[in-house]
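It should be emphasised that the depicted structure is a prediction, and the values quoted were computed from it without experimental measurement. Here is how names work: the chains are called A, B, and so on, in the same order as the sequence lines, proteins then strands, and each is numbered from 1.
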Protein chains: 2
Amino acid sequence: MNELVILETAYRLFTIQGIQLFTMDEIASRLAISKKTLYRFFTSRQHLVQQVCQLVADDYSQAMETAENGKADNLQRVLGFMAANVAFCKKISFTFFADLQKHYPAEYLNLTTTLNAITEQRLLGVLEQGIVEGVFRGSLHPKLVVTILLQHIKRDFEFAAELVNDYSKDEVFRQAMYLFLYGIIAPNALPQLENELKQYSLSNRAAHTEERNNITQQFN
Amino acid sequence: MNELVILETAYRLFTIQGIQLFTMDEIASRLAISKKTLYRFFTSRQHLVQQVCQLVADDYSQAMETAENGKADNLQRVLGFMAANVAFCKKISFTFFADLQKHYPAEYLNLTTTLNAITEQRLLGVLEQGIVEGVFRGSLHPKLVVTILLQHIKRDFEFAAELVNDYSKDEVFRQAMYLFLYGIIAPNALPQLENELKQYSLSNRAAHTEERNNITQQFN
DNA sequence: GACTATTCGACATTTTTGGTCGATTTATAG
DNA sequence: CTATAAATCGACCAAAAATGTCGAATAGTC
C-alpha cells in the first residue's frame, strides 16, 4: 500500500459523495487495509482532508492551464476557461464543499481562496487583452466582472444541486456559461462567439441531444 | 407549536436531504423551538422517523389513488401510475432511503414493503384487465411483470442519483417509464399509447423542451 | 532462524448526539 | 392583580460513534 493510492481513493470518495459520509474506518475498509496502515501515511483525518484539498486545487489549476494552452485568441481562451469550470463543477459535488465549510473551515477558506485566485489570475489578463482587441465590450470593468463571475459560479454550484430533479448539472452550468459569454461579448464579435459555441456544443453535448431528439420524435 | 408543523418540517428535511444530516438539535433549531418542546411531541428520534415514514407511505398511497381515479381505460390507469411514480421518485431523495436502511432497518423494511404492496395491489388488477382487453400483450405474466418492475424502479432510483451530472432525474425516470410501457403494450394498441404519451409529454415537460429548443436554435 | 518492517484489529480517548430536568416564562382563571 | 397550571428553554447527562493508539502477529529478508 502506498500514499498515492490512499489519497486518490479519498479524493474520489470525498469529492463525489462528500467528506462526512466516510469515517476513517470506512476508508480503511474500502482500501482493504487497517486503520493502523492508514494512519501510517496520514497522521490525522485533517491531514488527509488537507491533502485531498491540495489535489483538488492542483487539478483545477492544471485544467485551467491546459484550457489556455494552444488557444489562438482571447475568446477561445475564455471559452476554454468556461468549459474547464463546467467540467470541474460536474466533477466535485456540492456536498464536498458543504462538509468542508462546516467541519474544516480553515481548509475551506484556503481552498476557495486558492481556486478563486487561479480563476482571477487566468481570466483577468485574457479579459483585459480581449477588451483592447475589441472582442469583449469596452464598458466592462474587468476586475469587477471577474469578482461577480466568481460569486455567480459559487451560487450556481449551490443551487444546481437542488435542480437535479428537472435539469442535469450539465444543463445548468452550460446555461450559466452562455449567460456570461453573451454578457461580455462585443456586438461585432457575436458571430465569432456563436461559431465557437457551435464547436463546443457539437463536441460535448450533441450526441445526447441528437439522440434524445430522435427518441422524442417518436412521440410527437 | 403543534405536532403537524414539526412532522411536516421533518418530512421535508428528511425526504429531500436525508435523515442523518439532521440531528434533533438541528431540527429544533430549524423550527425555532427547544429540544424539550420537540420531545414533548415525539418521544424519540425513532418515533419521529416512523411518523415521517408513515407520511411518505400515505402520500404515495394517495398519489396512486388519484392517479387511478377518473381514468377511462386501463392504459390510462397504467400511465397514471407511472406518472405518479415519476413524481414520487423526484420528490424523495435516494439519501432518505439509504439513511433509513442503514440506521432504521426495521422502518426501512416496513416502508418498502408497504410501498411495494401499494404498487402491486393497484397495478396487478389493471394489468390483468388490460391483457384481457388486448391492450397489453397476452404473453405477459402479470404478477412477475409487477415484481420485475418493482426491482427496476428500485434500481433506477439508486443510479439516477449518480447520473445527475448529465441527466435530470426527470429524464431518467421518464425513459424508464417509456421502456416499461412499450414493453407491455400490445402491438395494435401502440397508436393509442403514443397518442396518450403525447398528452403527458405536453402537459409536463413540453414547456421546458420547447424553451430549450428555442435557445439552442440560436447556436445552430 | 533471527531480525526488521509492516500490518492487523482490539482498545482507549475524544467528540458528537440522543434524551432529561429544574428553572423560567407565558397563558389562564379567579 | 395574583395564583395556578401549562409550556418552553437550554444547560446537562449518558450513550453512541468516531478518531487515534498499541501490543501482538505476520510477512519479508539476509
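- Of the candidates dC9(D), dG18(C), dT7(C), dT7(C) carries the atom nearest the Ser34(A) side chain, counting heavy atoms from C-beta on.
- The backbone N or O of Ser168(A) sits less than 3.5 Å from a side-chain atom of Glu171(A), completing a donor-acceptor pair.
- For Tyr39(B), counting side-chain heavy atoms from C-beta on, the closest listed nucleotide (dT21(D), dC8(C), dG18(C)) is dG18(C).
- Lys35(A) has its NZ atom 7 Å from the C1' atom of dA18(D), to the nearest Å.
- Remark: P of dG18(C) and CD1 of Ile19(B) are 12 Å apart, rounded to the nearest angstrom.
- Nearer to the 5' terminus of DNA chain D, by closest-nucleotide assignment, is the contact made by Phe41(B) (compared with the other of Phe41(B) and Lys102(B)).
- In this model, the phosphate group of dC8(C) is approached by a side-chain N or O of Thr37(A) to a distance below 4.0 Å at OP1 or OP2.
- When each of Arg40(B) and His103(B) is assigned the nucleotide of DNA chain D bearing its nearest heavy atom, the one mapping closer to the 5' terminus is Arg40(B).
- Regarding Gln46(A), its CD atom lies at a distance of 17 Å from the P atom of dT14(C), rounded to whole Å.
- Looking at Ser29(A), its side chain never comes within 3.5 Å of a backbone N or O of Asp25(A) through a donor-acceptor pair.
- Among the heavy atoms of the strands lying under 4.0 Å from Ala32(B) are primed sugar atoms or P, OP1, OP2 only; no base atom is included.
- Of the candidates dG19(C), dC22(D), dC21(C), dC22(D) carries the atom nearest the Lys36(A) side chain, counting heavy atoms from C-beta on.
- Within the 3.5 Å criterion, the main-chain N or O of Gln62(A) finds a donor-acceptor partner in the side chain of Thr66(A).
- At the heavy-atom level, Ser44(A) lies under 4.0 Å from the strands shown only through sugar-phosphate atoms.
- Ser61(A) contributes no side-chain N or O that, together with a main-chain N or O of Ala57(A), makes up a donor-acceptor pair within less than 3.5 Å.
- For Met24(A), whose side chain is taken as the heavy atoms from C-beta onward, the closest listed nucleotide among dG18(C), dT19(D), dC21(C) is dT19(D).
- Rounded to whole Å, the distance from CG on Leu38(B) to P on dG18(C) is 10 Å.
- Checking dC9(D), dC8(C), dG18(C) against the side-chain heavy atoms of Asp25(B) singles out dG18(C) as nearest.
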